[in-house]
Amino acid sequence: MSLLTPEPTDYILEKALAGERISAPEALRLYEEADFLRLASVARDLRRERLGDDVATYTMFRVVNYTNFCNVDCHFCSFMESYGSERGYVLDQDAVVEKMREAVEIGANQMFLQGGVFEELGLDYYTGIIRAVKERLGSQVHIRAFSPVELLSLEKTTGMPLAEVLGELKAAGMDSVPGAGAEILTDRMRRILSPKKSPVSEWVRVMETCHEEGLPGSANIVFGSEETRAEVIEHLEVVRSLQDRTGGFLSFIPWTFQQQTKKFKVRTVPAHEYLKVLAICRIFLDNIDHIETSLMVLGQGVGSLALHAGADDISSIVLEENVLRSYGLKSEQKAREFIADSGFRPAKRDFYYRLAEEPATASA
Ligand code: SF4
């Protein structure tokens with residue numbers, strides 16, 4: 001049975017502009033048939049209504065990949081090493097603290113702590129590195145840590161309920177969770193991309209428990225493989241309905257796969273399709289305030305257009321990233337120039353989207 005609805009796309013867009021929620025079949029019709037410029041214009045109007053229209057934000061964080069040992073073997077990963085590999089490593093507390101100290105010295109105040117699934121590391125290792133960062137660098141350093149697959153591994157190896165594991169991590173100083181590990185939230189696509197990862201229901205359970213335990217986060221989608229358009233919308237529906245229950249997602253980020261694997265098909269997502277999906281995210285996800293674009297995926301030209309198609313944030317200046325190759329901005333000044341050149345007033349924000357300053361003028 002086709003999911004397409006009979007309404008013309010203009011009717012659906014008018015409905016969104018009137019503040020009515022659009023359905024998944026309506027979002028699919030927009031993806032299939034809507035004119036890109038009309039979609040972008042409606043997405044920008046909705047962004048203007050919700051957040052204003054002249055400021056675009058950025059933040060700075062350091063990615064610290066504490067280990068590259070992993071037994072999950074996601075088909076898109078160019079980072080993991082099998083247990084026992086000579087190229088494998090595990091960072092100790094001093095190494096993690098030093099990496100974050102360098103980032104703090106150049107203006108970052110967030111750490112994104114993520115690694116492979118290495119079952120030999122006990123819960124004490126994780127709480128230890130979090131505590132060490134907070135004790136030595138200060139509690140103002142925001143620690144965003146661990147994707148669902150890592151948390152599920154900790155639940156298994158400790159034998160503790162997930163809420164208790166999260167309680168221990170939070171007591172050590174963990175502040176939030178990343179949006180990692182979602183890719184495409186359908187079980188068919190998970191079997192293609194990461195057959196050893198848990199099903200969608202487990203991803204939802206982990207994120208829901210994190211939010212219930214006071215650990216907010218973001219969500220993302222990574223598309224440009226064998227997924228259907230209906231599966232992209234199904235993914236957005238999973239996220240929207242979880243957000244209705246918890247309110248724990250601060251932002252949503254659409255990404256595309258990169259040509260770094262031969263284990264599944266990766267197609268080049270054209271700029272107009274990426275922007276279309278981003279605009280649909282703004283329109284469909286009426287319960288998530290912030291839509292981010294990442295310059296690491298399609299570059300600065302597309303990133304600039306994304307700010308005119310519903311995005312309000314350029315994600316972050318990422319100071320280390322091992323899983324994806326980087327096309328990101330390398331300095332805070334470059335981020336500010338990029339935003340100003342795109343026609344917006346740049347402002348630095350923290351994890352909670354609180355502005356660290358008065359937004360600059362568009363020429364800053
Ligand atoms: S993406 Fe993460 S979980 Fe998947 S193989 Fe790589 S390190 Fe492991």
Side-chain angles (χ1 to χ4, degrees), residues 61-91 95-96 99 111-121 123 125-126 129 143-158 162 165 169 174 176-207 210 217-227 235 253-266 294 296-297 315 318 320-326:
F61 67 71
R62 175 139 205 182
V63 177
V64 177
N65 296 119
Y66 57 88
T67 182
N68 61 351
F69 284 122
C70 189
N71 62 4
V72 179
D73 198 18
C74 298
H75 288 173
F76 51 84
C77 184
S78 57
F79 166 65
M80 68 158 280
E81 293 292 336
S82 302
Y83 293 4
S85 161
E86 285 181 3
R87 293 189 298 272
Y89 69 82
V90 178
L91 299 182
V96 171
K99 280 177 179 285
M111 179 168 78
F112 180 4
L113 190 58
Q114 190 173 24
V117 169
F118 189 33
E119 293 175 350
E120 288 177 27
L121 298 175
L123 185 56
Y125 170 83
Y126 296 87
I129 52 178
I143 300 181
R144 189 178 194 190
F146 314 132
S147 60
V149 70
E150 292 160 274
L151 294 172
L152 282 168
S153 170
L154 274 173
E155 183 184 48
K156 182 177 138 201
T157 54
T158 60
L162 181 60
V165 172
L169 294 169
M174 179 169 145
S176 64
V177 283
E183 289 89 49
I184 295 282
L185 289 170
T186 68
D187 287 333
R188 185 187 82 87
M189 282 307 299
R190 283 176 97 72
R191 282 192 292 275
I192 291 171
L193 301 171
S194 321
K196 292 191 204 160
K197 264 191 185 166
S198 55
V200 174
S201 56
E202 281 292 88
W203 185 92
V204 169
R205 178 177 72 86
V206 173
M207 294 311 277
C210 288
S218 58
N220 64 28
I221 185 171
V222 191
F223 66 105
S225 173
E226 297 174 39
E227 79 285 339
H235 176 111
I253 316 163
W255 298 76
T256 57
F257 283 109
Q258 295 181 31
Q259 304 277 357
Q260 61 188 26
T261 176
K262 303 231 176 321
K263 292 187 184 168
F264 61 91
K265 275 191 222 146
V266 176
S294 174
M296 288 171 67
V297 179
S315 194
V318 180
E320 181 178 323
E321 174 57 278
N322 284 322
V323 175
L324 294 169
R325 286 178 296 130
S326 172

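Numbering of ligands and ligand atoms starts at 1, following listing order.
Interface atoms of ligand 1 facing G116, defined by a heavy-atom separation under 4.0 Å, are 7 (S). Within ligand 1, the atoms closer than 4.0 Å to a non-hydrogen atom of C70 are 3 (S), 5 (S), 7 (S), 8 (Fe), numbered from 1 in the order shown. Of all the atoms in ligand 1, the ones that sit under 4.0 Å from a non-hydrogen atom of C74 are 1 (S), 3 (S), 4 (Fe), 5 (S).
Heavy-atom separations between V117 and ligand 1 are all 4.0 Å or longer.
The CG atom of L154 sits 9.0 Å away from the CG atom of L162 when rounded to the nearest 0.5 Å.
Applying the ring pair (Phe, Tyr, Trp, His ring centres under 6.0 Å) criterion to F69, with sequence neighbours excluded, gives F118.
Using a 4.5 Å heavy-atom threshold, the side chains of R205 and L152 count as touching.
Sorted by first and then second residue, the side-chain hydrogen bond (donor to acceptor under 3.5 Å, both in side chains) pairs with a member in residues 180-191 read E183-K197, T186-E231, R188-E231; sequence neighbours excluded.
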